[in-house]
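First up is the structure itself, then whatever we jot down about it.
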Amino acid sequence: MLQAVVIIALMVGAMMTTAGPRRDVDFWWHVALGDQFRAHTPSSQIGQWTAFPGLPTWRSGQAWTEISMSLLDQHLPVTSYLWWRALTLALALITLSWATGVWSAGVSATTPTSSAIRRWPAWVAFLAGVWTVTGFTQERPQQISYICYPLAGALIAQVLRPAECTRLDRLTFCTIIGATALTTFLWVQFHQGWLLACGCLVLAIMLGLRHLRAAWFLVLTLGVVALAAASNPWGFAAPAAARHLAASSSALVEWQPTSLISLPAAGLVTLLVGFVAVWVSGPRITAEIVIVLVLLVSAATAARGIAPAVLLAAPILSRHAGSPVAPPLKTQVTCLAALFGTAVWVSSGLGPAASDHVTDRQASVARLAAAAICQAPTAHVTIATAYNDSGAALYGARRSPCASEHQINVVLDGRADRNGATAISRWLAVELAHEGWWSTWTTVAPTMAILPRDSPLLAPLSAHGWRIVDDTSVDLVVIAPEPT
C-alpha cells in the first residue's frame with residue numbers, strides 16, 4: 001500500500017509542475033495548421049503563409065496532433081495549452097510506470113525485503129523517467145511520443161531477451177504483435193518521434209536474429225512495424241525528412257549538443273550509472289549495450305534528444321529487476337483518478353492562477369496582431385516579428401474579426417524543416433539589425449511589424465519612414481510608410 005501511495009504521489013507532484021505560463025512558442029502555429037486541416041484546405045495550400053518561400057514539398061508529420069490541438073483550442077481557447085500539457089503528461093507517466101514495472105518493485109507479503117532491494121533498477125528507471133519527462137513537458141506534439149516511448153522501450157527490452165520470446169503463449173504473442181502494429185500506425189500520424197524508437201527496435205531485432213528459436217517472433221515484429229510505419233506522411237522517405245529537419249534546425253538552441261553536466265541531463269546520467277552498475281554486477285547483454293550507446297549518442301547530439309533516450313532506455317534498465325507486473329485493478333483505478341483529477345485541477349484552476357502574475361508575451365503579441373489587422377491599409381498583410389513570436393502573431397491575425405478581409409502572412413514561422421537553416425539564420429540576423437538586414441527586409445517586404453520595445457530594428461525602421469501605431473503593450477506595432 002505504501003509503495004502505491006509513493007508512486008501516485010510522485011506522479012501527482014510531477015503533474016502539478018505543468019501549471020504556469022506557456023513553455024513553447026510553436027503551439028500557436030500548430031493550432032493554425034490544425035485549423036486548416038479541419039477546414040479541408042487543399043494540401044498544396046497548407047501552411048502557405050510565410051514570406052520566405054520554404055520547401056515546396058513540405059508536409060506536416062503530425063497532422064493528427066495539430067487537429068487535436070485545434071479542437072482543444074476551439075473549445076478551451078484560454079487554457080488549451082494547459083490541458084494539452086497536463087493530459088499528455090498524465091498518459092506519459094502511466095505508460096512509464098507500467099513499462100518500468102515499478103508497481104511490482106516493492107515489498108509485499110510474498111516478496112522478502114532482500115528480493116525487493118534487488119529490484120532497484122525499476123525504481124531508478126522510473127525516477128529518471130519522471131524527472132526527465134516532467135522537465136521536458138511542453139505544449140507541443142512531442143508529448144505524443146513521450147507517451148509511446150516507454151511502450152517501445154518495453155518491447156525493445158523483450159526483444160533483447162530472445163530466450164524469453166520463445167516462451168510466449170499464443171495469446172500473449174498475438175497481443176504484443178497487435179498492440180505493436182496499432183501503436184506504430186497511430187504514432188506515425190501524430191509525431192515523427194517514432195523514427196528513433198523504430199530504429200532501435202530494428203537494431204535490437206537484427207542483433208537478436210542469431211537466436212534461431214526466436215527468429216519467428218523477431219521477424220514478424222519487424223514486419224508489422226515496417227508495414228505500420230510505412231503509413232507515415234513521407235512513406236519510406238521518412239528518415240531523409242528527419243535528417244533534413246535536424247540540419248534545418250541547427251541554428252536553434254534545442255538542437256545544440258547536450259552537456260551531461262546539467263539538470264535536464266540528470267535523468268540520463270542516472271540511467272547510465274544504473275546500466276553500468278547492472279553490467280558490472282551481473283550478466284552483460286551485448287545487444288543491450290549497443291542500444292544504450294546508440295541512445296546516448298542520440299541524446300548527446302541535441303538537447304531535445306535527452307527525453308526520447310531516457311524514456312526508451314528506462315524500461316530496458318528496469319528489466320534487470322524482472323518482468324513488469326500490472327498493479328491490482330483497485331490501484332490502477334486510484335492512480336487514474338488521481339492523475340486525471342490533478343490534470344483537471346491544474347488546467348482549470350491551479351494553472352491559470354499560477355499564470356496570472358506572469359506577463360504572457362505570446363498572448364500579448366496575438367492580441368496586438370488581432371487588433372492591428374483591422375488597421376491594415378492593404379488587403380495583403382505580411383507581419384514581421386521576432387522568430388519566436390511569429391506563431392502567436394499568425395494565430396492572433398487569423399483569429400481577428402477582420403481576418404476575412406485580408407490575406408495574412410508572416411515572414412517566417414517555426415517550421416524549420418520547411419523554412420530551412422539559411423532562411424532562419426538570415427532572419428535571426430535581421431532581428432539584431434546586423435549588416436545587410438535591410439536587403440533581407442525588403443526581399444520579404446513586410447507591411448507591418450510587432451517588435452519588443454528594445455528591438456534594435458525600431459530606430460532604423462523609423463529612419464526608413466515606418467511609424468508606431470500602437471504602443472500600449474509590452475510590444476510595439478509599427479507599419480510601413482504608405483507608397484508614394
Side-chain angles (χ1 to χ4, degrees), residues 26 29-30 33 36-37 42-48 50 52-66 140-142 144-146 148-149 152 156 180-181 183-207 221-258 290-291 293-309 311-312 412-426:
D26 293 336
W29 60 260
H30 284 304
L33 283 173
Q36 289 192 323
F37 286 123
S43 58
S44 60
Q45 299 176 25
I46 294 289
Q48 299 297 320
T50 60
F52 279 101
L55 189 69
T57 58
W58 178 88
R59 67 196 73 173
S60 174
Q62 47 219 7
W64 289 17
T65 303
E66 285 154 348
R140 61 193 316 177
Q142 69 184 14
I144 301 299
S145 287
Y146 290 172
C148 298
Y149 281 134
I156 292 170
T180 299
T183 302
T184 305
F185 172 76
L186 293 174
W187 193 355
V188 301
Q189 315 303 327
F190 279 97
H191 189 245
Q192 304 99 311
W194 62 273
L195 273 164
L196 176 62
C198 286
C200 289
L201 178 60
V202 169
L203 179 58
I205 289 173
M206 293 173 62
L207 293 171
T221 302
L222 178 60
V224 298
V225 167
L227 287 174
S231 65
N232 80 85
W234 293 281
F236 293 105
R243 288 195 299 271
H244 173 70
L245 172 62
S248 301
S249 306
S250 57
L252 306 179
V253 174
E254 63 181 343
W255 287 90
Q256 301 302 312
T258 301
V290 173
I291 296 295
L293 289 177
V294 167
L295 291 173
L296 178 60
V297 171
S298 172
T301 302
R304 66 180 293 158
I306 294 176
L311 295 176
L312 283 169
L412 206 61
D413 60 18
R415 292 173 292 164
D417 55 338
R418 178 184 182 275
N419 303 321
T422 301
I424 294 173
S425 297
R426 287 178 65 188

Would you indicate whether the side-chain heavy atoms of [Y] and [X] approach each other to under 4.5 Å?
X      : Y      : value
Arg140 : Thr65  : no
Gln62  : Gln189 : no
Thr301 : Pro257 : no
Asp413 : Asn419 : yes
Gln45  : Gln36  : no
Val224 : Thr184 : no

If you round to the nearest 0.5 Å, how far is [atom2] of [Y] from [atom1] of [X]?
X      : Y      : atom1 : atom2 : answer
Leu203 : Cys198 : CG    : SG    : 12.5 Å
Arg415 : Thr50  : CZ    : OG1   : 6.0 Å
Asp26  : Leu33  : CG    : CG    : 10.5 Å
His191 : Leu186 : NE2   : CG    : 15.5 Å
Leu296 : Ile291 : CG    : CD1   : 13.0 Å
Asp417 : Trp58  : CG    : CH2   : 7.0 Å

Using only atom types and a distance under 3.5 Å, with no angle test, would you say the side chain of [X] pairs donor to acceptor with the backbone of [Y]?
X      : Y      : result
Arg426 : Ala421 : no
Tyr149 : Gly193 : yes
Ser231 : Ala228 : yes

**Report entry** No-hydrogen, no-angle side-chain donor-acceptor test under 3.5 Å, Asn232 and Trp194
**Finding:**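 Looking only at side-chain atoms, Trp194 and Asn232 do not form any donor-acceptor pair under 3.5 Å.
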
Search all heavy atoms of [X] against all heavy atoms of [Y] and return the closest pair with its distance.
X      : Y      : value
Cys200 : Ile156 : CB-CD1, 3.7 Å
Ala299 : Ala309 : CB-CB, 3.8 Å
Ala152 : Leu312 : CB-CD2, 3.8 Å
Pro141 : His30  : CD-NE2, 3.4 Å
Pro308 : Leu196 : CB-CD2, 3.7 Å
Ile424 : Leu412 : CA-CD2, 4.0 Å

Query raised in the report: Hey, which of Arg418, Glu66, Gln192 is the one that makes side chain to side chain donor-acceptor pair (under 3.5 Å) with Ser60?
Result: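 Exactly one pass, corresponding to Glu66.
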
